[in-house]
Structures are given as structure tokens and as C-alpha cells.
Amino acid sequence: MVVVGVLTAIILPSLNKARLKANAVQCVDQFRELGVVYTKYTSETDAIISVSDVKSGKNSAWERTLQSYTDSDVSWTCPSCKQGHHGIGYNHFIGQIGSIDNICKPSATVAFGDAG
């Protein structure tokens, strides 16, 4: 019985680390795919980067807007997020800029991030 307890104490932390690592890999893959889909969206919409119409007050969820630009049925959720939301947030201030050409430092501008 003691041997089973010792083995369990040794194995469980390793299994937990493996689960956390798998969740991290899945999250990174989803962000990568989100970047590809967002790039496709911006190229097909003449560089308009607003996925919500800020001026009219209409706010279509960026997930629904970008879903039409992907072939898969992805939900873009962080598997480790336990806070009641999907864990990935969109920078809605970008929608006020209107065009990629208006961004002074595109490489330093964040469109999506960890909302947790």
C-alpha cells in the first residue's frame, strides 16, 4: 500500500505538468491560427482592420466575423481559462484606427491577447 502511495506521489505531478504543457501548446496553436485568419481578413477587406463597427455602435463579435475566414470550426478558447470567458481578447481600439496604413508601429501593435 505504501508503494502505491509513493508511486502516485511521483507520477501525479508529472501527469499534471504534461497536461499543462499540452494546454499551452494548444493555446499557442490557436493564437497562430487566429493570426493567420486575421491576416486573411485584413487582406480581403482592403486593410480595414475593424471587426466591430465602433462609429455606429454595432458590435459584432470578432469571433463570428473571423469565423467566416477559416475552414475549420474553431472556437479560439484557451483550454486553461476557468474564468467564464474564452480567454482571448481583441483590442477594440484598433477598430477606431480604420486601416493598417494608419498604424504608426504595426509590429508593436497588439490585436489579440490573453484576456485572463
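As the structure is a computational prediction, the values presented were derived from the model and not from experiment.
- With sequence neighbours left out, Gln67 forms a side chain to side chain contact (heavy atoms under 4.5 Å, CB included) with Thr70, Asp73, Val74, Trp76.
- Rounded to the nearest 0.5 angstrom, Tyr69 OH and Thr39 OG1 are separated by 12.5 Å.
- Considering all non-hydrogen atoms of both residues, Pro13 and Ala9 come closest at CD-O, 3.1 Å.
- Under the 4.5 Å side-chain heavy-atom criterion for ILVMFWY residues, no single connected hydrophobic cluster contains both Val2 and Ile11.
- The side chain to side chain contact (heavy atoms under 4.5 Å, CB included) search around Val4 returns Thr8, not counting sequence neighbours.
- Annotation for Leu34 and Leu66: closest pair CD1-CD1, 3.8 Å, computed over non-hydrogen atoms.
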